[in-house]
Amino acid sequence: MKYFVFTWIVFLIPLVGFTQSISELQKQKEDAAREIEYTSRLLQEAQKNEKSSLTKLNLLNSKIRQRNSLIDAINGEIRLYDEFISNNVLAVDMLEDDLKNLKEEYAEMIRLAYKNRHSGDVLLFMLSAENFNQAYRRLLYTRRYSDYRKNQVEMIGSVQEVLNGSIKKLEEQKAVKQQLVGQTREERQQLSKEQGQQNQELKELKDQKRNLEKRLQQQRKIEQQLEREIQRIIEEEARKSKESGGSGFALTPEQKLIGSNFEQNKKRLPWPVERGIIVEHFGVHQHPVLTNVQVRNNGVNIATEAGSKVRAIFSGEVTRVFGISGGNTAVIIRHGSYLSVYSNLREVVVKKGDKVSTKQVIGTVFTDFDDDNKTILKFQIWHESQKMDPEDWIVR
């Protein structure tokens, strides 16, 4: 009996953590698979232009990261199944030992019962008692012994049932593991193919060094123009604040409340487009092609589909709508002491002074049909004069 109880403990305790971990890994797999599918669609649009480009390379880089995330999640599942299968094998072994011991005990009882099979033996056992109390105890003993034999039969049936269930579960887990191993093999083959495409794009782009350097200079000019507009807002607010005897942004009570609510929603703010892939991250990083060249991004670049609408990430007031030479149109929205910046837009549907709400459409992302049909939203968040990483603010 003690072995049987211990086996149940070994068998059941890991199950809760196992189920939770598998659920998390499966969600990671589903998210990665959705991102891969979406990136493939964007890449398919970009590949209509046969020339190599940074857009294609960035999308391939993103797709490879997502593929690796998918493979990591599958491998995590395999490790958990290995652990669970090991626990199940142990449980099956212990249950088989329990069943063997129970059957041996029961067989011994049957042999004893056979030796004392005559009804007169029990009666003689009762009558040979020295007194009434001893005779009563002997009666209780025979009844308990009979009940114990019945319980032993039930216990054997219960252990056999649990054992059969454990063996079935073990076989199911082994089958799932084999499926996962096969899935990993297929994903690695896809990864190898994508890495080959990545190397080919990189090789062809290295032959376009002058063109890439020219585009990088153009991008820097766009960034500088954006910064000048943001700086102008900051200087205006500093002047207002100074006139009122304060520091930082001059805020009305309503603006202070909006700014506070904006900050409280950190990591929960919606994306500025309904769906997209971040193809260039915040901060200073190595240029994907040009050696010894670093690029600085004051925000993130989000690849999306042609015709995608741009949405305000939080309620606020439009403080600037302006054109950028080579960068189309930009919109700056103020949320208290915070600013959200949306550039490379067309068909802007808001103007300076408009009040906007969370997820309200403010325009459409520009699609460059002459350059790989790329549709890239450039998105930034500032806290007064401090640049913020948008990925720290928008929902994962």
Below 4.5 Å, heavy atoms only, C-beta onward: do [X] and [Y] meet side chain to side chain?
X: I78; Y: V181; result: yes
X: R67; Y: E187; result: yes
X: E223; Y: R228; result: no
X: I277; Y: L42; result: yes
X: K63; Y: I36; result: yes

Go through it in stages, so that I can follow the logic: the residues are L345 and V365, the test is side chain to side chain contact (heavy atoms under 4.5 Å, CB included), and I'd like the CA-CA distance, side-chain angles, deciding distance and then a yes or no.
CA-CA 5 Å; L345 273 60; V365 188; 5.7 Å; no
Show every ring-ring contact (aromatic ring centres under 6.0 Å, His included) that has at least one partner inside residues 277-302, sequence neighbours left out.
none
All pairs passing ring-ring contact (aromatic ring centres under 6.0 Å, His included) where residues 377-396 contributes a residue, at least two apart:
F262-W393, Y338-H383, Y338-W393, Y342-F379
Would you call E77-K29 a salt bridge at under 4.0 Å N-O?
yes
Salt-bridged, D82 to K177, with N to O below 4.0 Å?
yes
side-chain contact (heavy atoms from CB on, under 4.5 Å) test vs V279 passes for just one of I302, I376, L57, namely I376
Have E204 and Q200 got a donor and an acceptor in their side chains that come within less than 3.5 Å?
yes
Q66 vs S62, test: side chain to side chain donor-acceptor pair (under 3.5 Å). Steps then yes/no.
CA-CA 6 Å; Q66 293 153 6; S62 178; 2.9 Å; yes
Smallest separation among heavy atoms of V284 and R296, with atom names:
CG2-CG, 3.8 Å
Considering non-hydrogen atoms only, spot the tightest contact between R311 and P270 and give its length.
NH2-CB, 4.2 Å
